Protein chains: 2
Amino acid sequence: MNSWIQQLRKGLAEFFVLSVLEKEDLHGYAVLQVLSKLETMALTESAVYPLLARLRNGGYIACRSEKSASGPPRRIYTLTIEGKLRLRQMREYWAELGLDLKRIQGKQREKDGN
Amino acid sequence: MNSWIQQLRKGLAEFFVLSVLEKEDLHGYAVLQVLSKLETMALTESAVYPLLARLRNGGYIACRSEKSASGPPRRIYTLTIEGKLRLRQMREYWAELGLDLKRIQGKQREKDGN
DNA sequence: ATGTAGTATATCGCTATGTGTAGTACCAGT
DNA sequence: ACTGGTACTACACATAGCGATATACTACAT
């Protein structure tokens, strides 16, 4: 089960991070804390930071540096136009996925032949 | 986007295959055909067959051989008790995932800064 | 000044898994 | 014999989460 969840997070992590950043501009450590409060998507640093770097390289988020009073400087990330588009596409895919899942679950083993 | 979908399938594939097998006992090739009709989860042979082997090694599905009139003998797979349990756990996790997703999307950026 | 703790980011090796490609084998129709 | 559909297997490759580790800045206690 644990391994399944780990595999499921591949890809889902991106969806969640973009969703979090849509709501609010945040730095990596803050994203980490938001996600760690969720039962289902408690990612670790070694997932979040590389993911943010990938999203940035892909042009889906932009970042600015900001000094912190409580530690080293932060990198605040914001969704770009492309990031918003991507997030919209992800939501569409997600909705389709739910439909397809219901589609194959829908015709449950009935008492008819087939 | 395509790469994202590929990553998303890691883990999701298992969920879909178990769901298909819950509905009906099927052989690998038939599972492949069912999934290939879905927009979102059109897996290839090189994903489905190893996945079935893994699920079988894990004790989540059992298989029996059956002669086919249209080709080589088939391996018909059935969900075991453990498989059904796992599927139930997956559904719970899936539901939780949906809630968590709504949770972080819920407090959307209000109509302030925009 | 040294140590500890929390904040903040980055990197390495490991592992699991979907994909592309190719191969094997069985059957039917031409 | 050839072609095409059925049914399954195997291998190299790329992706990405995870544990462990490293670095560095700040604050506070010893």
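Keep in mind it's a predicted model, so treat the numbers as computed, not measured. Lettering follows sequence order; numbering is per chain, from 1.
Of the possible donor and acceptor atoms, one in the side chain of A:Asp100 sits under 3.5 Å from a partner among the backbone N and O of B:Thr40. Looking only at distances, no side-chain donor or acceptor of B:Ser19 sits under 3.5 Å from a matching main-chain atom of A:Gln105.
One can place CZ of A:Arg74 at 10 Å from P of C:dT7, the figure rounded to the nearest angstrom. B:Phe16 places its CZ atom 13 Å from the P atom of C:dG18, with the value rounded to the nearest Å. Summarising the geometry, the separation between CD1 on A:Ile61 and C1' on C:dT9 is reported as 14 Å, rounded to the nearest angstrom. Taking atom CD of residue B:Gln33 and atom P of nucleotide D:dA7, one finds them 7 Å apart after rounding to whole Å. At whole-Å resolution of the value, OH in A:Tyr29 and P in C:dG6 are 9 Å apart. Atom-to-atom, CG of B:Asn57 to C1' of C:dA16 comes out at 14 Å; the value is rounded to the nearest Å. Atom CD of A:Glu14 is separated from atom P of D:dG17 by 8 Å (rounded to the nearest Å). Rounded to an integer number of Å, the gap from CD of A:Gln6 to C1' of D:dA16 is 9 Å.
In terms of position along DNA chain D, the nucleotide closest to B:Gly71 lies nearer the 5' end than the nucleotide closest to the other residue of the pair B:Gly71 and A:Gly11. Each of A:Ser68 and B:Ala13 was matched to the nucleotide of DNA chain C holding its nearest heavy atom; the match closer to the 5' end belongs to A:Ser68. Nearest-nucleotide positions on DNA chain C place A:Ala69 closer to the 5' end than the other of A:Ala69 and B:Pro72. Between A:Thr44 and A:Lys10, it is A:Lys10 whose nearest contact on DNA chain D lies nearer the 5' terminus.
A donor-acceptor contact under 3.5 Å is not formed by the side chain of B:Ser46 with the base of C:dG18. Residue-to-nucleotide contacts include no donor-acceptor pair under 3.5 Å from the side chain of A:Glu45 to the base of D:dC18.
In this structure, A:Pro50 reaches the bases: a heavy-atom distance under 4.0 Å links it to at least one base atom across the strands shown. Within the 4.0 angstrom heavy-atom criterion, no nucleotide atom of any strand lies near A:Ala53. Contacts of A:Leu52 with the nucleic acid, taken as non-hydrogen atoms under 4.0 Å apart, are absent.
Note that CG of B:Leu85 and CG of B:Leu79 are 11.0 Å apart. Values are rounded to the nearest 0.5 Å. Here the CZ atom belonging to A:Arg54 is positioned 7.0 Å from the CD atom belonging to A:Glu14, to the nearest 0.5 angstrom.
Checked against the 6.0 Å centroid criterion, the rings of B:Trp4 and A:Trp94 do not qualify as a close aromatic pair.
For A:Tyr49 and C:dA10, the shortest distance from a side-chain N or O to OP1 or OP2 is not below 4.0 Å. In this structure, B:Arg9 reaches the C:dT19 phosphate: one of its side-chain N or O atoms is under 4.0 Å from OP1 or OP2. Contact annotation: A:Arg54 reaches the phosphate of D:dG17 (side-chain N/O to OP1 or OP2, under 4.0 Å). For D:dG17, neither phosphate oxygen OP1 nor OP2 lies less than 4.0 angstrom from any side-chain nitrogen or oxygen of A:Ser3.
Nearest nucleotide to the B:Ala47 side chain, out of D:dT15, C:dG18, D:dC25: C:dG18. Closest to the side chain of A:Ser70, out of C:dT7, C:dT9, C:dC26, is C:dT7. If you check C:dG18, D:dT6, D:dC18 against the side chain of A:Leu43, the one that comes closest is D:dC18. With D:dA7, D:dC18, C:dA10 as the choices, the nucleotide that has an atom nearest any side-chain atom of A:Arg75 turns out to be C:dA10. Checked against D:dC18, D:dT15, D:dT6, the side chain of B:Gln7 finds its nearest nucleotide in D:dT15.
By the 4.5 Å heavy-atom criterion applied to side chains, B:Thr78 and B:Arg64 are counted as neighbours. Contact of the A:Arg75 side chain with the A:Glu66 side chain is not registered, since no non-hydrogen atoms from C-beta on lie closer than 4.5 Å. B:Ile104 has its side chain within reach of A:Leu38: a pair of non-hydrogen atoms, C-beta onward, lies under 4.5 Å apart.
The nearest pair of heavy atoms linking A:Glu82 to A:Gly58 is OE1-O, 3.8 Å.
Remark: DNA chain D forms stems of 3 or more consecutive Watson-Crick or G-U wobble pairs, all pair distances under 3.5 Å, at C:1-30 with D:1-30.
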